[in-house]
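First up is the structure itself, then whatever we jot down about it.
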Amino acid sequence: MRVHIGIDTGGTFTDVIAFREADGRIVALKVPSTPQNPAEAFIAGVRAALEELGVSPGDVAFLAHGTTVATNALLEGKGARTGLITTEGFRDVYEIRRLNRSFEDLYNIFWTKPTPLVPRYLRKEVRERVNVDGVAVVSLDADGVRDAAAALGEEGVESVAVCFLHSYLNPEHERQAAAIIREVLPGVSISLSHEVNPEYREYERTSTTIVNAFVAPIIERYLADLERRLAETGVSAALHVMHSGGAAQTGRAARSRPITTILSGPAAGVIGAEALGREIGVSDLITLDMGGTSTDVALLRQGKPTLASESELAGEVIRAAMLDITTIGAGGGSIAWADEGGRLKVGPQSAGADPGPACYGRGGTQPTVTDANLVLGYLGTDAFLGGRMRLDRAAAEAAVDRLAAELGLSRLETAHGIFRIANANMLRAIRLVSVERGLDPRRFALLAFGGAGPVHAAALAAELDIPRVIVPRNPGNFSAFGLLVADLSRDAVRTQLTPLRPEALDGIRQVYVDLEAQLTEQFVADGFDPGQVVFRRSVDARYVGQAYEVNVTVPVGLLAPSDVGALEEAFHAAHAERYGHSAPGEPVELVNFRAIATVPTAKPAFPRLERTDSDGAAARIGERPAWFDGSGDPVLTPVLDRDQLDAGVVLTGPAIIEEPGATTVLLPGQRAEVDDLGNIVIAVGA
């Protein structure tokens with residue numbers, strides 16, 4: 001009766017997927033999120049899954065979690081009170097930052113730098129210096145560290161970031177400083193830059209270390225509370241947490257580098273997409289994960305998600321291995337409002353889980369995307385969460401009416417405007433991961449999931465001429481499903497400037513041998529056999545004289561001289577794809593060597609449906625008026641129960657397909673077919 005459970009915490013609902021090894025049965029559940037303490041919803045999800053499968057807590061063999069705790073702490077500025085100890089003369093590197101702006105603020109003449117997580121008076125300098133070759137030329141001033149730690153202690157800091165110049169080459173001074181800080185401030189959380197981000201570039205490494213320190217005590221308390229509650233429930237299985245790079249990691253690993261959980265939830269959905277794409281033979285996908293508070297968009301090429309070594313969240317630069325995911329504030333709970341010029345806006349503010357959209361009947365009064373979808377007829381009042389939650393249409397109409405009066409529009413014009421503006425925000429995100437990177441979205445399929453994704457996906461695909469939309473089974477719980485198909489993984493990186501020449505091969509081999517030994521040791525400490533570990537290698541490379549790098553895959557195994565030419569050609573191709581040009585013949589330099597170690601996990605099989613001659617008539621459960629163009633003329637649209645759709649059923653839009661965790665909207669004229677795995681595949685156009 002061994003059971004695997006994946007739980008993904010969202011802004012509005014916490015999604016649960018569980019499967020039983022004995023018969024492969026999969027159950028999908030949703031419980032309301034508890035923003036004040038996400039652990040409560042997590043435990044409620046575990047109990048609900050056990051009850052649904054009829055098993056005991058002791059039967060849980062694997063437990064994986066996608067969490068937004070670190071993300072929310074950073075976005076809301078509610079992390080730990082943090083101090084920084086750095087090399088003398090470098091305390092302001094963090095605040096000076098870079099001149100780069102996000103695409104949202106590119107033309108904002110009123111833009112100002114984000115407020116630093118660590119104010120200047122909590123940034124302390126000490127004498128020490130390691131040069132660019134990793135040689136200590138000025139010894140660490142131990143008394144200076146002691147004084148700095150004491151001063152931070154008097155200011156009540158919970159966490160200390162330590163970032164010394166060139167410590168990625170020689171970390172000894174950071175280790176010495178950590179020992180002194182522990183002596184002066186016992187119990188304080190300490191983040192060392194050579195452990196968090198052992199790469200060159202001082203601002204980026206400082207920012208990353210500060211973010212890690214800022215969220216570390218929050219993650220530590222949360223995971224400790226969660227493990228205590230699980231033990232009280234009777235669950236003895238180890239807790240695993242989703243890594244932003246698209247793999248599960250042990251709770252111990254998440255505690256050691258909490259920054260790896262920043263994109264924990266969204267990453268799971270992308271890994272689920274990778275598994276599904278492999279199963280159905282679709283290798284080029286754009287994922288659309290629209291939940292209650294945000295939408296996450298990612299791109300998979302040749303079956304693999306795009307990886308990024310750097311991202312920016314809440315104005316903070318984070319350098320860590322993670323999936324390349326674009327997140328925008330457009331979810332079902334995004335609030336619609338009028339700006340000072342009387343223009344309709346949607347988001348990024350969200351009604352969240354409490355009070356939630358007006359139609360939830362929990363006291364919310366502001367109109368949201370979910371309220372607009374209810375007014376337009378896309379959502380029904382009785383089928384939400386499988387009938388366990390009734391939506392209040394009158395409350396949604398009243399909320400939209402108040403905004404309509406402010407805008408001077410009708411109720412339907414306002415609701416349709418909310419729908420279209422939310423779509424426009426998501427279209428921008430899709431273009432960002434495709435068109436703006438030289439990729440044609442018409443060559444991809446759109447995989448739509450999340451509680452709200454299937455409502456909007458067909459309209460988005462039509463706007464971009466994306467030919468196919470795929471809505472997986474249990475789309476509202478798809479990210480939780482991704483948790484159960486993710487392998488266990490750890491990553492390591494080392495900066496070592498190396499010319500790409502045959503004579504450098506011995507040094508290149510040794511870097512990877514060292515990194516892989518380090519990762520193997522970590523897995524062994526977690527109780528795994530070294531023989532289970534599988535490695536992947538890559539390197540950040542650039543033309544000599546360039547300031548930024550392109551990541552290139554490196555073959556695992558000993559590099560032969562012939563591999564040098566192949567690696568160089570791969571770099572030229574990657575550079576041309578990224579920037580539109582390459583320069584064969586120019587010398588190439590290797591900068592950051594990266595290794596990823598993976599341990600495969602047991603995974604659920606994709607259940608298949610039996611093909612029948614059904615025309616889908618048995619799935620029809622009613623009809624209701626729906627508005628597709630904002631003109632005020634409704635279309636009487638059939639409503640179908642997804643659970644009653646057999647493989648091979650063909651549908652012609654308009655149609656609304658309901659299931660407990662999501663609703664799929666098929667626009668007039670569109671055609672859809674249910675495949676053997678139960679996916680709804682919508683043909684959008686030529």
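Because the structure is predicted, anything quoted here is derived from the model rather than measured.
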Hey, mind stepping through Glu521 and Val524 against side-chain contact (heavy atoms from CB on, under 4.5 Å) and telling me if it holds?
-> CA-CA 5 Å; Glu521 182 180 337; Val524 169; 5.7 Å; no
Stepwise, does the salt bridge (charged side-chain N to carboxylate O under 4.0 Å, His left out) test hold for Glu274 with Lys304?
-> CA-CA 6 Å; Glu274 180 184 6; Lys304 294 295 181 182; 3.0 Å; yes
Taking it one step at a time, do Thr598 and Asp487 satisfy side-chain hydrogen bond (donor to acceptor under 3.5 Å, both in side chains)?
-> CA-CA 7 Å; Thr598 300; Asp487 292 323; 5.8 Å; no
For the pair Arg257 and Asp491, evaluate salt bridge (charged side-chain N to carboxylate O under 4.0 Å, His left out) and give the outcome as yes or no after the intermediate values.
-> CA-CA 11 Å; Arg257 287 178 67 204; Asp491 65 276; 3.6 Å; yes
Could you check Glu658 against Val639 for side-chain contact (heavy atoms from CB on, under 4.5 Å), going step by step and ending with a plain yes or no?
-> CA-CA 7 Å; Glu658 296 181 338; Val639 179; 3.5 Å; yes
Can Leu391 and Tyr360 be said to form a side-chain contact (heavy atoms from CB on, under 4.5 Å), step by step?
-> CA-CA 6 Å; Leu391 299 183; Tyr360 283 9; 3.8 Å; yes
Could you walk me through whether Glu659 and Arg473 pass the salt bridge (charged side-chain N to carboxylate O under 4.0 Å, His left out) check?
-> CA-CA 9 Å; Glu659 58 186 303; Arg473 294 178 74 174; over 6 Å; no
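Of the candidates Asn474, Ile680, Val674, Ile680 is the only one forming a side-chain contact (heavy atoms from CB on, under 4.5 Å) with Arg642. Results of the side-chain contact (heavy atoms from CB on, under 4.5 Å) test with Val162 over Leu84, Ile181, Val196, Thr209 single out Ile181 as the only residue that passes.
One side chain, Ser33 or Thr14, offers a donor N or O that lies under 3.5 Å from an acceptor on the other. In this model, a donor atom of one side chain and an acceptor atom of the other lie less than 3.5 Å apart for Thr260 and Gln249.
With a 4.5 Å cut-off on side-chain heavy atoms, Val369 and His456 count as touching. Using a 4.5 Å heavy-atom threshold, the side chains of Met426 and Met290 count as touching. Side-chain contact between Val211 and Leu117 is present, with heavy atoms from C-beta onward closer than 4.5 Å. Contact check for Leu288 versus Thr295: side-chain heavy atoms found under the 4.5 Å cut-off. Inter-residue side-chain proximity for Phe62 and Val3 is flagged as unmet; no heavy-atom pair is nearer than 4.5 Å. Using a 4.5 Å heavy-atom cutoff, the side chains of Glu312 and Ile318 are not in contact. Side chains of Leu484 and Phe19 form a contact here, defined as non-hydrogen atoms less than 4.5 Å apart.
More than 12 heavy atoms of other residues, nucleotides or ligands shown are found within 6.0 angstrom of CD on Glu227.
Salt bridge absent: Arg221 and Asp225 never bring a charged side-chain N and a carboxylate O closer than 4.0 Å. One finds no salt bridge joining Asp8 and Lys30 here, because no Lys/Arg side-chain nitrogen approaches an Asp/Glu carboxylate oxygen to under 4.0 Å.
To the nearest 0.5 angstrom, Asp296 atom CG is 9.0 Å from Thr326 atom OG1. Between the CZ atom of Phe481 and the CG atom of Asp15 there is a distance of 14.0 Å, given to the nearest 0.5 Å. For the atom pair CG of Asn373 and CD1 of Ile418, the computed distance is 9.0 Å after rounding to the nearest 0.5 Å. From Arg490, atom CZ reaches atom OG1 of Thr520 across 11.0 Å, with rounding to the nearest 0.5 Å. Atom CZ of residue Arg229 and atom CD of residue Glu40 lie 5.0 Å apart, to the nearest 0.5 angstrom. The CZ atom of Arg255 sits 10.0 Å away from the CD1 atom of Ile219 when rounded to the nearest 0.5 Å.
For Pro607 against Ile26, the heavy-atom pair with the smallest separation is CD-CD1, 4.0 Å.
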Distance-only check: which donor-acceptor pairs under 3.5 Å involve side-chain atoms of residues 49-58, not counting sequence neighbours?
from  : atom 1 : to    : atom 2 : distance (Å)
Ser56 : OG     : Asp59 : OD2    : 3.1

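With Thr208 contributing its side chain and Arg319 its backbone, the two residues share a donor-acceptor pair below 3.5 Å. A donor-acceptor pair under 3.5 Å links the side-chain atoms of Asn477 to the main chain of Leu29, judged by distance alone.
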